[in-house]
There are 2 protein chains.
Amino acid sequence: MLPFQVDSHSGVPVYRQIMDQIKYYVSSGVMFPECKLPSIRELAQFLTVNPSTIIKAYKELEHEGVIESLKGKGFFVSESAPKMTDDERREALRRMARRMLSEAHQMGASEIDVLQALDEERLAINPNSDLIVSLVLRGIRRDR
Amino acid sequence: MLPFQVDSHSGVPVYRQIMDQIKYYVSSGVMFPECKLPSIRELAQFLTVNPSTIIKAYKELEHEGVIESLKGKGFFVSESAPKMTDDERREALRRMARRMLSEAHQMGASEIDVLQALDEERLAINPNSDLIVSLVLRGIRRDR
DNA sequence: CCAACTGCTTGGGTGTTATCATACAGACAA
DNA sequence: TTGTCTGTATGATAACACCCAAGCAGTTGG
């Protein structure tokens, strides 16, 4: 099963976190039309939430045309599921970036601090890749 | 007045967005002990939310020891308001970064895309500064 | 057919979030 | 003193988020 995860302390409703993740998976092509989603009970157990919460997320996505339900079979990614264009993806990323910079600024962190944190996390996920950017960032840090 | 802002569509409760912003301001030193906060009615009007919502945020922060109230005068940053250590700030930044990378990955964006978006937003806010990182990023893009 | 899997439905309960209206009380300046 | 700013307190309302239980109905494979 695709890596689903929810943070019950984030303040964002669980059903919306689930919706977002599925939408991202679909728009990125990780999930494509005809793809079967985890069953309601299965995903509910996996995330240790109530099945009603999954139903709410799935029903909402069905209403948006992202997925479809077949009684007795399961939920599947819709044929006409909207894919993100490159521009939409870029815009989404910039929205995230804007919020992150705003919060970072409010807590007194510099722009370099943000880039640095991002690069550290990136490296933690992907220890093998080494970007020029990382080297530059490390160079900046060393200079201080 | 300090730039307060809330996004009523983010899913995060408004009173918690307000709390977070004040905590960030205090921990970064932008707001310091004795600093007067916007009055309840003033901030409520500014953000076009109900005064009760502001009261909830302020009361919660008072309970956490971040701010104090003086009847008839207003709310003020507490003398013993907890400041973030550098490590705590770094950890907070990395949590943000982790979430952003996770979401970006789910929507099929690469790590470079994220750094790129962040740099674009950074530049939009601060058009005068030019980081080496930006130049490197632009170099990477040109190479494609 | 039967068991085990699917989605679907109903109804109840709890706590949170946010709205609105109204009133009281301290501080302070004109 | 009076007006206007401040915080405080109350109760009512509505919507939402989440949980829980129990059962109905379609699909599929042994």
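Residue numbers start from 1 in every chain, and the chains themselves are labelled A, B, ... in the order their sequence lines are given, proteins ahead of strands. Values reported hereafter were calculated over all heavy atoms of this structure, with side chains retained and with hydrogens, waters and symmetry mates removed.
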Take B/I22 and B/Y58 through the test side-chain contact (heavy atoms from CB on, under 4.5 Å) and record every step on the way to the result. CA-CA 9 Å; B/I22 293 173; B/Y58 279 11; 3.6 Å; yes
Measure the distance from CD1 on B/I55 to P on C/dA21 and round it to the nearest whole Å. 15 Å
Decide yes or no on ring pair (Phe, Tyr, Trp, His ring centres under 6.0 Å) for B/Y25 and B/F4, but give the supporting numbers first. CA-CA 10 Å; B/Y25 280 135; B/F4 285 98; 5.7 Å; yes
Using the side-chain heavy atoms of B/S69, tell me which of these nucleotides is nearest: C/dA18, C/dC8, D/dT8. D/dT8
With heavy atoms under 4.0 Å as the rule, sort A/Y15 into base, sugar-phosphate or nothing. sugar-phosphate
In whole angstroms, the gap separating P of D/dA12 from CG of B/N50 amounts to 17 Å
Using only side-chain N and O atoms of B/S39, determine if any of them is under 4.0 Å from OP1 or OP2 of D/dC5. no
Would you call A/E91-A/R98 a salt bridge at under 4.0 Å N-O? yes
Classify every nucleotide of nucleotides 25-30 of chain C by which part a protein heavy atom approaches to under 4.0 Å, writing B for the base, S for the sugar-phosphate alone and - for neither, in 5'-to-3' order. -BSS--
Between A/L70 and A/S52, the residue closer to the 5' end of DNA chain C by nearest nucleotide is A/L70
Under 4.0 Å between a side-chain N or O of B/K56 and OP1 or OP2 of C/dT17? yes
Do other residues, nucleotides or ligands put more than 12 heavy atoms under 6.0 Å from B/E64 CD? yes
Distance, rounded to the nearest Å, where B/I54 contributes CD1 and D/dT8 contributes C1': 16 Å
A/K36 atom NZ, neighbour heavy-atom count above 12 within 6.0 Å: yes
Provide, to the nearest angstrom, the distance between the CG atom belonging to B/L61 and the P atom belonging to D/dG7. 14 Å
Whole-Å distance between C/dG7 P and A/K59 NZ? 10 Å
Would you say the side-chain atoms of A/T53 and A/N50 include a donor-acceptor pair closer than 3.5 Å? no
Counting any heavy atom closer than 4.0 Å, what does A/F75 reach on the DNA or RNA strands: base, sugar-phosphate only, or nothing? sugar-phosphate
Atom CD1 of A/I40 to atom C1' of D/dT27: distance rounded to whole Å? 15 Å
Check the distance between D/dA17's C1' and A/I18's CD1 and give it to me in whole angstrom. 12 Å
Run the salt-bridge test on B/R16 and B/E60 with the 4.0 Å N-O cut-off and return the result as yes or no. no
Between atom CD in B/Q45 and atom C1' in D/dC5, what is the gap in whole Å? 14 Å
